[in-house]
Structures are given as structure tokens and as C-alpha cells.
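Everything below concerns the one structure shown next.
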Amino acid sequence: MAKTHLYTGYVATAATIIQHYDGATPLNDFLKKYFALHKKFGSRDRRQITNLCYCYYRLGFAELGLDTTERILLALFLCSNDPHEIISELRPAWKENITASITEKLALIGYPFSIQNIFPWQDEISEGIDATAFAESHLIQPDLFLRIRPGKKEQVIKKLDAAGISYTQPMQDCIAIANNTKIDTVIELNKEAVVQDYSSQRITGFLQTIKSEISNPKSQISVWDCCAASGGKSILAKDVLGNIDLTVSDVRSSIIHNLKQRFTAAGITKYHSFVADLTSSTANIKFLVPDIIICDVPCSGSGTWGRTPEQLHFFTAEKIDYYSNLQKQILQNVLPHVKQGGYFLYITCSVFTKENEEVVDFILANSKLQLIKKEVLIGYDKKADTMFGALFKHDEKFTKYTYIE
Ligand SMILES: C[S@@+](CC[C@H](N)C(=O)[O-])C[C@H]1O[C@@H](n2cnc3c(N)ncnc32)[C@H](O)[C@@H]1O
């Protein structure tokens, strides 16, 4: 009885939070503020309530007709793979099936639930994405991925083993660990390994293509990471391409500040940085004509909603056009900086055609670039993000960089 009361209270608190949350800030921040105001919740309570809220948003656009409490319990059942005390106590009829597949669970509960309803924009997604598998993946919390930096493999593995952290290695230099692992106390983040999603790490393939094409890989290659954020792709470029002449920029000065701290930890000391809104003319940086431009554009982030399911819940279809137009506006200003023989790497963490293939068509129509390869980087089968990359080359032969006077 006491347990029933406790767990009913957790569900009621989660329902209250959900009622007040409007998606304007990340759910994680909202929860932190909520718990700071409501000090009666201990760490165990906070963990349970947080999980209930996240599960609720993992259902996306499915079962919106249910009342909040019922939807939370349904979501918890579908998202749990191990026996769960709240389900055992509040929905004992479901208890035996907690480890069953989603299809089996759906047959049991008897709601008219369709997995596709979780993610309703099935007609808008890029070719090669399995719409049902992608929709279902939102029910599962993604893993945390580390990319081991060059020469650090042995020491990282030793430290993980010593700390008793279980991990898998889905790819060379890539480590997958449970999402809640406190890794920053175990390894030196950014120096020994960076936190970087599995699909983001696969951008390595594009960089290796460029490296293999450059006739004299010993000469210093100039790279402009034009939407750099805290520099994930820049550090990757440095690790793959070696001694590059790196320039980074972003519209947010605060994120460039974070990048500088991260670069210090990563041992990257020589680089140029500036703040720029690339939707405006880039006339004041017309001298910048690097060998490679990495353009990891602002996007819907729809390939990453397994990590932030609240964004799925609050997403509206108009935003797809908003981001597609923003990307094209940025490209109009950045594409003139691709030099003859230079490379342009376009990246999104979106699953939408309008942000991926349609933008590739836009680039081809508005530049002298040729498409070398494009790829949807599927992550939903690896508890990872899904991304998109397209590599272009200016149709002239690769030459050592020359700045416009
Ligand atoms: C997807 S994130 C980049 C992630 C980063 N490359 C990484 O690997 O960590 C996109 C970045 O574009 C920046 N951005 C958004 N609008 C922009 C604009 N108008 N001009 C330049 N950068 C912009 C955002 O601030 C954000 O940091």
C-alpha cells in the first residue's frame, strides 16, 4: 500500500511537470529548476520522476488522446526492458510482459497504438531510413559514445576496465557506454577521448576520402569549420587530417568561448576563431578561402530526438521549411568561399529530405561543386543518432590554397 502511494505520487508529480512544461527550454534544465524549488524529492525520487517524464515524451505523437497519467504508464511499460517496480505495482497485468518486444506489448495492452504515430512525418524522411524502425527507436534511450583520440586507445581501455565500466566497441576507436555513466571522473575528456555520437564519428569517412584525394597530404591543409559549436567536427578533422590550419566560427559567442576551453583540453592551441552570422553577407571574411569547408548546419535535430524526446513532442511541420530555408541562406554566403579544387562537407543531424537531399540539389544548382558522395548515417539500429553528410568538390584540380587578395 505504501509503495502504491509512493509510485502514484511519482506519476502525479510527473504529470504536473508535463502540464507546466512548454518545450521552450531543454527538459533537463526544466527538471533541474523544478527539483531545486521542490526540495522534498530525494535523488531516488528525482530519478524516477525524471524517467517518467522522458518516457512520456518518447511516445511522440502516439496516444495523445489518453489522459496524462495513463500515457505515462503506457510509455513506461513500452520503454522498459527490465522488471520495473512502478509497472509491477501499478499495472500488475503488464508485469510478466515487461521484457517482451514492442509488438508483443502492443498486442497485450489493447490500445489502438501504431508505432508510426510516434513520428508522424514518415513522408518527409530521407531515402534509406526505415520509417518504422526509426519511429520505434524513440522508445529507447540512446547510448553515450566516446571517440578515442589518436594514440590514446590503450590508456582509455585500461581506465574503463579499472573503473568496471562495461562498454562495446561498435567501430574502430568508438566506445559505447550506458547513457548515465559518469565518464568525466574516469578519463580525461577531450584529451584522451571526446564525447561524440557514433554517427558523428562516421564523418571520419568523408574526411578520409578528402585525405586520400589530396596529392600531397604532407602539406598543411586549411579547414574552416563554419558552424563549429563547441568544435566536435573540428577536433575530428584535426585527428583525421593531422596538422591542419584551422579556422572556426559560429553565430554564438558563448559557444565559441566553450570551444576555446574544449580546444585547450584537447591540446589544440593554434587556430583562428571568429563570431559570424552566416545568414548575412560574409564580405568581411572574403579572404577566407580554405581547402576544406565543414558546414554542420543548424537543423531540426530530428535525428537526435532519441536523446531529447521533448523536442519531438513539441515539433511542428512548419519548422522543417524554416530550417531548410535557413540552411540555404547560410549556403548562399558560404559557397562562394569554396576555392577551385577545394572541398565542401555538408552535415545535418536531420532525417528530413528538405534538410538533406533537397539542400544537396540546392548546392549543385547554385555552385560549381560536384557531388562526390552523400550518405544517410543511420544510427537508430545502434542506439545512436541518425545524420546526413554530403561531400562536394569544386571541379578544378586540388591545389595548395590561395587566398583572395
Ligand atoms: C549542428 S550545430 C554544429 C555542431 C558542431 N559542428 C559539432 O560538431 O559539435 C550548428 C551550429 O550552427 C550555429 N549557427 C546557427 N545559426 C547560424 C548562423 N546564422 N551563422 C553561423 N552559425 C550558425 C549554431 O550556433 C550551432 O552551434
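Note that the coordinates shown come from a computational prediction; the quantities given were computed from them, not determined experimentally. Just so you know, these numbers use all the heavy atoms, side chains as well, and skip hydrogens, waters and symmetry mates. Each ligand, and each atom within it, is numbered from 1 in the order the structure gives.
Every protein residue with a heavy atom nearer than 4.0 Å to ligand 1 is included here: Cys227, Ala228, Ala229, Gly232, Lys233, Asp250, Val251, Arg252, Ala276, Asp277, Leu278, Thr279, Asp296, Val297, Pro298, Ile330.
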task = Apply ring pair (Phe, Tyr, Trp, His ring centres under 6.0 Å) to the pair Trp121 and Phe315, showing each step before the final yes or no.
result = CA-CA 10 Å; Trp121 303 282; Phe315 194 75; 5.2 Å; yes

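Ring geometry for His38 versus Tyr34: interplanar angle under 30°, hence parallel rather than tilted (30 to 60°).
Judged purely by atom type and a 3.5 angstrom limit, Gln327 uses its side chain to pair as donor or acceptor with the backbone of Pro298.
Note on Asp239 versus Arg147: salt bridge recorded, some NZ/NE/NH1/NH2 to OD/OE distance being below 4.0 Å.
When each of Lys159, Arg149, Lys152 is paired with Glu192, the side-chain hydrogen bond (donor to acceptor under 3.5 Å, both in side chains) condition holds for Lys159 and for no other.
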Could you pull out every donor-acceptor pair under 3.5 Å between side chains of residues 377-392 and any protein atom, sequence neighbours left out?
from   : atom 1 : to     : atom 2 : distance (Å)
Tyr380 : OH     : Asp130 : N      : 2.8
Asp385 : OD1    : Arg307 : NE     : 2.9
Thr386 : OG1    : Gly379 : N      : 3.1

